Amino acid sequence: MSETQTADAHGETIDEGKRDFIYIATGAAAAAGAASLGWPLVAQMGKAADTLAAGSIEINLANVAEGQQLKMLWRGVPVFVRHRTAKEIAEAEKVNVDSLPDPETDDARLVAKPDGKVDPRFLVMVGVCTHFGCIPVGEAGDFDGWYCPCHGSHYDTSGRIRKGPAPKNMVIPDYTYISDTVIKVG
Ligand code: FES
């Protein structure tokens, strides 16, 4: 299937083949939207969906290829799990943190494994714009991270707000590594 590119209202070029989200408010509407859009949830889940909706989800990072982003539904909100490329990691790490609207190092946005080390390849965050709750598009915007087309917020490859009206970085959910490759969110 061929992919096409269009420009949105803010002049951003959007790859139609990657625009697998529509932009939905948070809460119940987001959950309903996720279900209707058929997110690629099932293959990554190890528990019944009703259990997952109420509690925690386990994600095997070994199933997420480099350059791929999973979108999971957790407690009614989308969670992004991105396997970042070396270029994306380098971009995230080279930023002058003091210049950021919401200063955070890339490392501070990662959770350590049982051996105490972080794996910068995997970024896990709540995929909700911190302005008014739309769902940002991946691999878009001025910083190669995420772009929220609702009002034009640009996030970098660490999910940190860099430009636009959103006041804060995208949120890192409560998660832990339960093995070298499996995380538990919630
Ligand atoms: S909701 Fe994302 S920029 Fe306003």
Side-chain angles (χ1 to χ4, degrees), residues 3-41 53 57 59 64 67-85 87-89 91-106 108-110 122-175 185-186:
E3 295 185 352
T4 58
Q5 293 204 330
T6 58
D8 70 7
H10 303 276
E12 289 289 324
T13 298
I14 294 177
D15 185 332
E16 292 288 342
K18 294 173 183 165
R19 191 160 65 176
D20 50 359
F21 274 97
I22 57 175
Y23 314 110
I24 310 162
T26 52
S36 65
L37 287 168
W39 289 0
L41 304 176
I57 53 175
I59 303 165
V64 188
Q68 184 184 22
Q69 175 178 275
L70 281 182
K71 299 133 190 175
M72 316 288 290
L73 186 63
W74 172 65
R75 297 180 183 171
V77 297
V79 170
F80 294 166
V81 180
R82 179 155 184 86
H83 184 159
R84 300 185 295 182
T85 64
K87 179 172 178 282
E88 290 170 342
I89 295 167
E91 286 177 356
E93 290 178 343
K94 78 179 182 189
V95 173
N96 176 5
V97 173
D98 293 336
S99 71
L100 298 173
D102 181 13
E104 262 187 315
T105 64
D106 187 55
R109 295 176 57 72
L110 304 172
F122 294 101
L123 177 67
V124 181
M125 61 185 180
V126 174
V128 173
C129 180
T130 60
H131 185 221
F132 284 141
C134 289
I135 301 175
V137 179
E139 297 177 69
D142 289 357
F143 301 89
D144 297 329
W146 287 263
Y147 173 67
C148 181
C150 287
H151 312 96
S153 286
H154 299 248
Y155 296 87
D156 66 16
T157 56
S158 189
R160 296 171 297 200
I161 183 64
R162 301 290 295 274
K163 179 175 154 187
K168 305 290 282 182
N169 304 332
M170 279 193 270
V171 171
I172 305 302
D174 180 23
Y175 75 95
V185 182

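Everything numeric here is computed off the predicted structure, so don't read it as measured data. Note that ligands are numbered from 1 as they come in the structure, with each ligand's atoms numbered from 1 the same way.
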| With atom 4 (Fe) of ligand 1 as the point of reference, which N/O/S atom of H131 is the closest? |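 Of all N, O or S atoms in H131, atom 4 (Fe) of ligand 1 lies closest to ND1.
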
| message | Report the atom name of the nearest N/O/S atom of H151 relative to atom 4 (Fe) of ligand 1. | response |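 Among the N, O or S atoms of H151, the one closest to atom 4 (Fe) of ligand 1 is ND1.
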
| Below 4.5 Å, heavy atoms only, C-beta onward: do M72 and V185 meet side chain to side chain? |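 They are not in contact (no side-chain heavy atoms under 4.5 Å apart), so the answer is no.
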
| request: Could you find the nearest protein heavy atom to atom 1 (S) of ligand 1 and give me its residue, atom name and distance? | output: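 Residue, atom and distance for the closest contact: F132 N, 3.2 Å.
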
| E139 pairs by salt bridge (Lys or Arg N to Asp or Glu O under 4.0 Å) with which of R84, R82, K87? |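 The passing option is R82.
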
Would you mind listing which atoms of ligand 1 come within a distance below 4.0 Å of any non-hydrogen atom of [X]?
X	answer
C129	1 (S), 2 (Fe), 3 (S)
C148	1 (S), 2 (Fe), 3 (S)
C134	1 (S)

| task | In a single word, yes or no, tell whether C150 and C129 have an SG-SG distance below 2.5 angstrom. | result |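 Disulfide absent: SG-SG distance not under 2.5 Å.
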
| message | My understanding is that we take every heavy atom of each candidate and find the minimum distance to atom 3 (S) of ligand 1. Doing that for P149, S153, C150, P136, which one comes out nearest? | response |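 Selected option, by shortest heavy-atom distance: S153.
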
| query | After noting the C-alpha distance and the side-chain angles of V128 and V171, does the key distance pass the side chain to side chain contact (heavy atoms under 4.5 Å, CB included) rule? | reply | CA-CA 8 Å; V128 173; V171 171; over 6 Å; no

| said: Rounded to the nearest 0.5 Å, what separates atom NE2 in H131 from atom OG in S153? | reply: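 Between atom NE2 of H131 and atom OG of S153 there are 6.5 Å.
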
| Given E88 and L123, is the side chain to side chain contact (heavy atoms under 4.5 Å, CB included) satisfied, shown in steps? | CA-CA 11 Å; E88 290 170 342; L123 177 67; over 6 Å; no

